[in-house]
Amino acid sequence: MHTHNIYADSVTYSELIKCCISRGAIREAKIVHNHVFSNGYRPMTFLINVFVSMYVKFNLLDDAQKLFDQMPERNVVSWTTMIAAFTNVRDYDKAIGFLILMLRDGVRPNSYTFSSVLRACCKLSELRQIHCGIVKYGLESDVFVRSALVDIYSKWGDLVNAERVFSEMPTGDLVVWNSIIGAFAQNNEGDEALSLFKKMKRCGFSADQATLTSTLRACTGLALLELGQQIHVHVLKFNQDLTLNNALMDMYCKCGNLEDAQRAFSRMLNKDVISWSTMIMGLAQNGFSQKALEMFEAMKKAGIRPNYVTILGVLFACSHAGLVDKGLYYFNSMQKLFGIEPGREHYGCVIDLLGRAGKLDEAIKMIHDMKSEPDAVTWRALLGSCRVHQNIDHAVYAAKQILALDPDDAGTYILLSNLYAKSQMWEDVAKVRKIMRDKGVMKEPGCSWIEVNKKVHAFVLGDNSNPQLDEVIRELNKLILRLKQVGYVPDTNFVLHDLEGEQMEDSLLYHSEKLAIMFGMMYSVKGKAIRIRKNLRICGDCHVFTKLLSKIEDCYIVIRDPIRYHHFRDGICSCEDFW
DNA sequence: TTAGGGTTAG
């Protein structure tokens, strides 16, 4: 048989190997391999490629490489198979190394090669070089190459070039659309992601799992519950897609709708570590710490191994419920119990945990004990606690550390100046304000969003462009009067700077969340939850205001700030005034 | 006739 038609033999062998691969028959495949290479038979390059890729598919990369090394000649497929294999196991160095060897060998890369190797770029400059290669070889219009380019530019945060690759070529398929929608969704540009989603549908493409997952992520970022619910309808078509259901659950959690999140969670037949971690973190951020910890126990019982992120959720729950001992227990034993080395973020949670509980000295000690270098986020956790406990000395210390690492951090200047103001240290307030002016550091204006009838309404402190603003303020004034009659006193401690009396109270009265809540009360369906998302953390006065309001007007209000959620009902907030 | 792109939790 060996002396007859080599080509016909090769085709037969490759069919045989395909059979082995589809059945996962490694032993049989190896027998075929040995047979082919015995008796001095010299297989064609394409047949050896089949064996190389067979070993790759069986995750036997060493065997694949051994065979590759022995090949008398290698074509573009041989090289590309190895490059793709290294990229898939994240051995990016080797993938790029093989690309260079391939070029040196005089083999011309094609669209398969580039679509595989792009993920292996470890910096933007490397990516630019490979992009040049793509243009040079005339492969920039290949849809596989384009989707890979869009994706990798977005992973490096370069949305400008991602968008350029997307829009400068008229050709495109669903995956290219998914890449660009995912690019914006992953970089917190939900609005743009959603508008591309609409555009995609107008172009006649229908959404698949990946599209819906990214679109849900955009809704999650913007807290668009109504739109998210609309997408939920389409999710049902892909009933048990794990990734998509995880995204759906997260959307409900981040929109403060825990009932639907839990409903989605319990409907899932398969749950992975992300499903559980999402639910744990979702419960914790919404103030249901106890439930989050119960969920963690259930997860372990279900035999799912916690990972780095899971433990962050657990620590977050402990810290926001004031469970110091429990949190410290998990932190101190995470290595032993789950084999997870505490990272910077875990330290951040524990510093927060200690700080909230008023153990500021222990929190500082924890920072000094950290294995990794503390970063601005670490110090901010401490500063937040100093704010809660009004500890000026430690606050100044923490603020200095933050500003050394991040000199333009407006939030830190504001926090510091608020602390000084609260302690009536007006000279220090003025000093901080002066530094801000000199450095040109601008305070991010407070902004709140509310979705009513699938439309998003934004309220920004000091911005009068909203046409309904006058009406909202009129109603808000009436409401404030009613609240004052039942004991509401605006807490001017939260107004920074040098305003006095009436004026001081004014800027506080119109904080963006108050406007958004008022708008919600005026225009959304009565009895329905009023859900607000805001860009800054809620201030103490708005917190008091909203609690009282939920009681007097018998309404349910959910406010999501950048860190956590507040559910106001019947005069009580789910955070138990601890945030 | 072998090789390729997009989706989830902090």
Side-chain angles (χ1 to χ4, degrees), chain A residues 7 10-15 17-18 21 43-54 56-57 64 74-85 87-88 109-119 139 142-152 154-155 162 166 172-183 185-186 207-217 220 238 241-251 253-254 268 271-282 284-285 306-316 343-346 348-349 377 563:
Chain A
Y7 175 70
S10 299
V11 173
T12 313
Y13 282 125
S14 91
E15 288 299 317
I17 292 303
K18 263 191 229 162
I21 292 173
M44 299 170 72
T45 301
F46 110 74
L47 183 57
I48 310 181
N49 285 342
V50 171
F51 283 107
V52 172
S53 90
M54 169 195 90
V56 169
K57 282 181 186 143
R74 303 174 188 93
N75 62 18
V76 57
V77 180
S78 327
W79 286 101
T80 303
T81 307
M82 291 311 294
I83 290 173
T87 307
N88 278 335
N110 62 17
S111 59
Y112 287 79
T113 321
F114 282 116
S115 56
S116 302
V117 83
L118 275 167
R119 264 195 163 278
L139 300 168
D142 181 89
V143 282
F144 283 78
V145 172
R146 288 181 55 222
S147 55
L149 268 173
V150 167
D151 183 58
I152 192 70
S154 114
K155 295 248 155 45
F166 173 77
D173 65 1
L174 181 61
V175 179
V176 181
W177 278 103
N178 286 346
S179 306
I180 194 69
I181 292 170
Q186 284 157 11
D208 71 355
Q209 284 101 313
T211 326
L212 294 178
T213 306
S214 294
T215 310
L216 277 172
R217 181 167 165 156
T220 305
F238 304 95
D241 185 273
L242 182 60
T243 309
L244 181 51
N245 275 291
N246 284 343
L248 180 71
M249 251 171 39
D250 190 42
M251 182 277 292
C253 285
K254 298 283 183 335
M268 288 169 70
K271 302 178 181 82
D272 66 357
V273 63
I274 297 188
S275 327
W276 289 94
S277 308
T278 303
M279 224 35 242
I280 291 170
M281 187 53 100
Q285 286 177 318
N307 69 12
Y308 190 96
V309 181
T310 320
I311 307 300
L312 284 178
V314 171
L315 294 176
F316 189 98
R344 212 201 303 267
E345 291 138 308
H346 297 106
C349 280
V377 181
I563 307 287

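In the text below, chain A, chain B and the rest are named by the order of the sequence lines, each starting its count at 1.
In this entry the distance linking CG of A:Leu47 with P of B:dA3 reads 12 Å, nearest Å. Atom CH2 in A:Trp177 sits about 17 Å away from atom C1' in B:dG5, given to the nearest Å. Rounded to whole Å, the distance from CE on A:Met281 to P on B:dG10 is 7 Å. Nucleotide B:dT2 holds its C1' atom 8 Å from the CG atom of A:Asn75, rounded to whole Å. A straight line from CH2 of A:Trp79 to C1' of B:dG4 spans 18 Å, rounded to a whole angstrom. A:Ile311 has its CD1 atom 18 Å from the P atom of B:dA9, to the nearest Å. If you take CZ of A:Phe238 and P of B:dT8, they are 16 Å apart, rounded to a whole angstrom. Put simply, CZ on A:Phe144 is 8 Å from P on B:dG5, counting in whole angstrom units.
If you check every strand for non-hydrogen atoms under 4.0 Å, A:Phe51 touches nothing. Using a 4.0 Å heavy-atom criterion, one finds that A:Val176 contacts the bases of the nucleic acid, with or without backbone contacts as well. Across all strands, A:Val77 comes closer than 4.0 Å to base atoms (heavy-atom distances). Among the atoms of the strands shown, base atoms are found under 4.0 Å from some heavy atom of A:Asn110. Within 4.0 Å of A:Val52, counting heavy atoms only, lies no atom of the nucleic acid at all.
Contact annotation: A:Arg217 reaches the phosphate of B:dA9 (side-chain N/O to OP1 or OP2, under 4.0 Å). Residue A:Lys155 places at least one side-chain N or O under 4.0 Å from the OP1 or OP2 atom of B:dT7. Contact between the side-chain N/O atoms of A:Gln186 and the OP1/OP2 oxygens of B:dT8 is found at a separation under 4.0 Å. Within the structure, a side-chain polar atom (N or O) of A:Lys18 is placed less than 4.0 Å from OP1 or OP2 of B:dT2.
Under the salt bridge (charged side-chain N to carboxylate O under 4.0 Å, His left out) criterion, A:Asp250 pairs with A:Lys254, not counting sequence neighbours. Scanning for salt bridge (charged side-chain N to carboxylate O under 4.0 Å, His left out) contacts around A:Arg74 gives an empty result, with sequence neighbours left out.
Comparing B:dA9, B:dT2, B:dT8 by their nearest atom to the side chain of A:Asp272 picks out B:dT8. Residue A:Asn307 has its side chain nearest to B:dA9 when only B:dG10, B:dG4, B:dA9 are considered. With B:dA9, B:dG5, B:dA3 as the candidates, the nucleotide lying closest to the side chain of A:Lys57 is B:dA3. With B:dT7, B:dT2, B:dT8 as the choices, the nucleotide that has an atom nearest any side-chain atom of A:Asn246 turns out to be B:dT8. Comparing B:dT2, B:dG5, B:dG10 against the side chain of A:Glu345 picks out B:dG10 as the nearest. Considering only side-chain atoms of A:Val175, the nucleotide from B:dT1, B:dG10, B:dG5 that sits closest is B:dG5. Picking from B:dT2, B:dT7, B:dG5 the nucleotide with the shortest atom distance to the side chain of A:Phe46 gives B:dT2. The nucleotide whose nearest atom lies closest to any side-chain atom of A:Thr81 is, among B:dG4, B:dT1, B:dA3, B:dA3. Considering only side-chain atoms of A:Lys254, the nucleotide from B:dT7, B:dT8, B:dG10 that sits closest is B:dG10. Listed nucleotides: B:dA3, B:dG4, B:dT8. Nearest to the side chain of A:Ser116: B:dG4.
Checked by distance alone, A:Asp142 brings no side-chain donor or acceptor within 3.5 Å of a matching partner on the base of B:dG5. For B:dG5, its base never sits under 3.5 Å from the side chain of A:Ser179 at any donor and acceptor pair. Not a single donor-acceptor pair, N or O on each side, falls under 3.5 Å between the base of B:dG5 and the side chain of A:Ser115. One N or O donor and one acceptor, one from the side chain of A:Asp173 and one from the base of B:dG5, sit under 3.5 Å apart.
Looking at A:Ser214, its side chain never comes within 3.5 Å of a backbone N or O of A:Thr211 through a donor-acceptor pair. In this structure, A:His346 contributes its side chain and A:Leu315 its backbone to no donor-acceptor pair below 3.5 Å.
Side-chain contact between A:Trp177 and A:Val150 is absent, with no heavy atoms from C-beta onward closer than 4.5 Å.
With 3.5 Å as the limit, one finds a donor-acceptor pair spanning the side chains of A:Thr80 and A:Thr113.
A salt bridge links A:Lys155 with A:Asp151: the closest approach of a Lys/Arg side-chain nitrogen to an acidic carboxylate oxygen falls below 4.0 angstrom.
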